[in-house]
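Structure, as C-alpha cells:
Naming: A, B, ... by sequence-line order, numbering from 1 per chain.
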Amino acid sequence: MATLVMSQAPVGGFSFENCKRNAVLEGEANKVGCSMPAARKTGTTICGVVFKDGVVLGADTRATEGMIVADKNCSKIHYISPNIYCCGAGTAADTEMTTQIISSNLELHALSTGRLPRVATANRMLKQMLFRYQGYIGAALVLGGVDCNGPHLYSIYPHGSTDKLPYVTMGSGSLAAMAVFEDRYKPDMEEEEAKQLVRDAIAAGIFNDLGSGSNIDLSVITKGKVDYIRPHDQANKKGVRTGDYKYKRGTTGVLTKLVTPLNLELVEESVHTMDTS
Amino acid sequence: MHSTTVVFCKRKLTPVCTGCVVIKKRPNRIFNTVYRKESGRNGITMNTRGLRSQLKDSVPVAGLCPQGAYGVQDSLRSGFTSVKNELLPSHPLELSEKNFQPNQDRMNFSTLRNIQGLHAPLKLQMEYRAARQIQRLPFLQSSNLALDTLRGNDESIGFEDILNDPTQSEMMGEPHMMVEYKLGLL
C-alpha cells in the first residue's frame with residue numbers, strides 16, 4: 001500500500017497480505033476454465049519399523065506434480081540429528097522446511113543441554129509446530145531414532161497428532177505397505193530381516209500406488225551408527241533401447257562434390273579482457 | 001497502543017504545548033485481571049475463571065479493528081478500507097498468528113502464577129517492560145535482544161526468522177513522519 005507511515009514495525013513470519021487477492025484470482029481463473037498450478041506433493045510410500053537394536057526407515061523416491069512425475073529420484077529421508085532421521089510425505093516444500101527447522105532447533109537444544117537429543121523431543125517440537133498451523137502445513141512424517149532410552153518410532157500427522165508404534169506407514173501407498181507389515185511383522189527382528197521387510201513394504205507401495213515409484217531408500221539407525229542406503233534397491237529401472245535410428249557413414253552414396261572457398265579478409269581484431277575478480 | 005491524554009503543564013496551568021509532550025500508556029490490563037480473579041482459600045490461590053476467558057478478556061482483537069484516533073479508519077495511513085476487509089480475516093490463521101506471542105506470554109504467566117505465586121509473573125512483567133523500552137527509532141529495525149532472551153526465543157528458530165525478514169522489507173517508512181506518529185504529534 002502506498003503510505004508514508006507504517007503504523008507497526010514489520011514482523012517476520014507468514015504474511016497473509018495476498019490471500020484475498022489470490023482468492024479473487026482463483027475465482028477469475030475458474031470462471032475462464034483454467035486452474036491454479038498445484039503444489040508439488042511427494043505422493044509417497046514411507047514406513048518405519050523397530051527391530052532389536054534400532055530402527056529401519058524406508059521411502060520411495062518419486063515426487064509428483066499433479067499427474068506428472070516431477071522428480072524421479074528425490075530424497076525423502078531427512079536428517080534431523082546424528083541419531084534421528086525423519087521421512088516426509090505430503091507437500092514437498094513443507095516437509096523439507098519443517099524438518100530443517102526442527103533439525104536446527106534440536107541442534108540448539110542439544111548444545112544448550114549438552115546431551116544427545118531424544119526422539120521424544122523432536123516429536124514434541126514437530127507436533128507443537130504442526131498444531132500451531134492447524135494443518136495448513138501439509139507434512140506427514142515418520143520420525144525414528146535411537147537415543148539413551150532405546151529405539152523409538154513416531155508417526156506425525158499434518159494436524160499435529162502423533163502415534164508411538166513399533167511399525168508405521170504414511171503416504172498414498174501406506175495401505176499397501178501396511179498390508180505387508182501386518183502380515184510379516186514380528187517383535188525383536190534381526191537387522192537383515194527388518195531391512196527385507198521394509199524393502200518389501202515399500203515395493204508393495206511402489207507397484208500398487210501411482211503416486212510412488214522409482215527406487216527404494218533405506219536408513220538403518222542403531223546406537224552410534226547410521227546407514228543411509230540410497231538407493232537400496234532400484235525397483236523401477238528405466239528401459240534400455242534395443243534399436244538405434246542412426247545410420248552408418250556411407251549408407252547414402254555420394255555422387256558429386258563441389259567445394260567453394262569463401263575469401264574473407266580480417267578487418268579488425270580487438271581483445272577485451274573479462275573482469276573475473 | 002499509545003494514547004495521549006491532555007496533561008496540564010505545571011508551570012503555566014495551560015494544556016501542554018507541543019514542546020513538552022508526555023506519553024501516557026494505558027494501564028496494563030493484565031494486572032487488573034489478575035487481581036480480579038484471585039480467590040484465596042487456605043492460602044491457595046486459584047483462577048476462578050478458566051484460561052480461555054482470561055485470554056479473551058485481555059487481548060483486544062487489534063488486528064482487524066480500524067486504527068487511528070476514535071476508531072475511525074485512517075485513510076492517510078492505511079489507505080481506503082471497506083467493511084468487508086475489516087470484519088473478516090483473509091485467512092483463518094491470520095488472527096491466531098498475529099496474537100501468538102501475546103497468547104504464549106499470557107499462558108506462561110498464568111502457569112507461573114499458579115505454581116510460584118503472584119510475585120513471579122509480576123517481576124517478569126516488569127523486566128519485559130524494561131526490555132521493551134530498549135528500542136531504536138521507529139523506522140529502524142531493533143534487534144530486541146533482551147526481550148528475546150527473556151522469552152527464550154534466542155535459542156529457537158521459527159518461521160518468523162526465516163520468512164519475511166524485516167531487514168529486507170520492501171517498504172520503508174518516512175523517518176520524520178514515523179517519529180511524529182510515534183510521539184503522537186501527527
Side-chain angles (χ1 to χ4, degrees), chain A residues 1-27 80 93-94 96-114 117 121-122 124-126 128-139 158-160, chain B residues 1 62-63 67-68 74-82 84-85 88-98 100-101 103-104 135-136 138-142 144 152 154-182 186:
Chain A
M1 282 200 273
T3 50
L4 285 176
V5 175
M6 293 192 289
S7 32
Q8 286 143 354
V11 290
F14 289 110
S15 154
F16 298 100
E17 280 169 0
N18 290 333
C19 286
K20 289 207 168 85
R21 177 204 74 167
N22 289 349
V24 169
L25 281 178
E26 189 154 356
I80 302 257
D94 288 346
E96 281 276 344
M97 295 263 56
T98 307
T99 46
Q100 281 174 0
I101 287 181
I102 295 301
S103 169
S104 310
N105 275 331
L106 212 57
E107 174 76 17
L108 286 172
H109 189 256
L111 287 170
S112 170
T113 56
T121 316
R124 184 60 62 129
M125 286 181 177
L126 279 167
Q128 283 176 350
M129 169 187 279
L130 289 176
F131 184 70
R132 174 179 167 181
Y133 293 104
Q134 294 289 303
Y136 282 95
I137 293 192
H159 281 264
Chain B
M1 274 180 65
Q67 288 146 357
D74 205 346
S75 303
L76 178 67
R77 282 187 212 118
S78 37
F80 294 118
T81 54
S82 75
K84 194 167 68 153
N85 281 348
L88 297 172
S90 47
H91 193 271
L93 280 183
E94 188 177 356
L95 266 186
S96 92
E97 277 301 298
K98 204 177 275 244
F100 185 74
Q101 195 58 55
N103 282 345
Q104 285 291 98
Q135 298 272 342
R136 290 173 179 259
F139 54 92
L140 292 174
Q141 208 48 44
S142 346
N144 288 328
D154 62 335
E155 280 188 342
S156 69
I157 296 179
F159 285 113
E160 55 272 359
D161 300 309
I162 299 174
L163 300 174
N164 225 3
D165 194 5
T167 51
Q168 311 215 346
S169 93
E170 297 157 349
M171 291 204 300
M172 197 191 109
E174 214 261 317
H176 297 288
M177 294 190 71
M178 291 195 75
V179 175
E180 285 176 20
Y181 177 67
K182 174 149 189 209
L186 193 63

Does some side-chain heavy atom of B:F159 sit less than 4.5 Å from a side-chain heavy atom of A:I137? yes
A quick test of your reading: do over 12 heavy atoms of other residues, nucleotides or ligands sit less than 6.0 Å from CZ of A:F131? no
Residue from A:Q134, A:E107, A:R132, A:M97 scoring the most non-hydrogen pairs under 4.5 Å with chain B is A:R132
Under 4.5 Å to a heavy atom of chain A? For B:I157 that would be both
Okay, B:E155 and chain A: the region with an atom under 4.5 Å from a heavy atom over there is both
Cut-off 4.5 Å, heavy atoms of chain A, and the answer for B:F100 is side chain
Most contact-rich option vs chain B, by heavy-atom pairs under 4.5 angstrom, among A:L106, A:I102, A:I101, is A:I101
Quiz item: Taking the side chain as C-beta and beyond, is there a heavy-atom pair between B:N144 and B:Q135 under 4.5 Å?
Solution: yes
Okay, A:M129 and chain B: the region with an atom under 4.5 Å from a heavy atom over there is side chain
Scored by heavy-atom pairs under 4.5 Å with chain B, the best of A:L108, A:L111, A:N105 is A:N105
All heavy atoms of A:L130 vs all of A:A139, minimum pair found to be CD1-O, 3.9 Å
Pairwise side-chain contact, B:Q101 with B:E160, heavy-atom cut-off 4.5 Å (strictly under): no
Q: Apply side-chain contact (heavy atoms from CB on, under 4.5 Å) to B:F139 and B:M177, showing your working.
A: CA-CA 9 Å; B:F139 54 92; B:M177 294 190 71; over 6 Å; no
Okay, A:Y136 and chain B: the region with an atom under 4.5 Å from a heavy atom over there is side chain
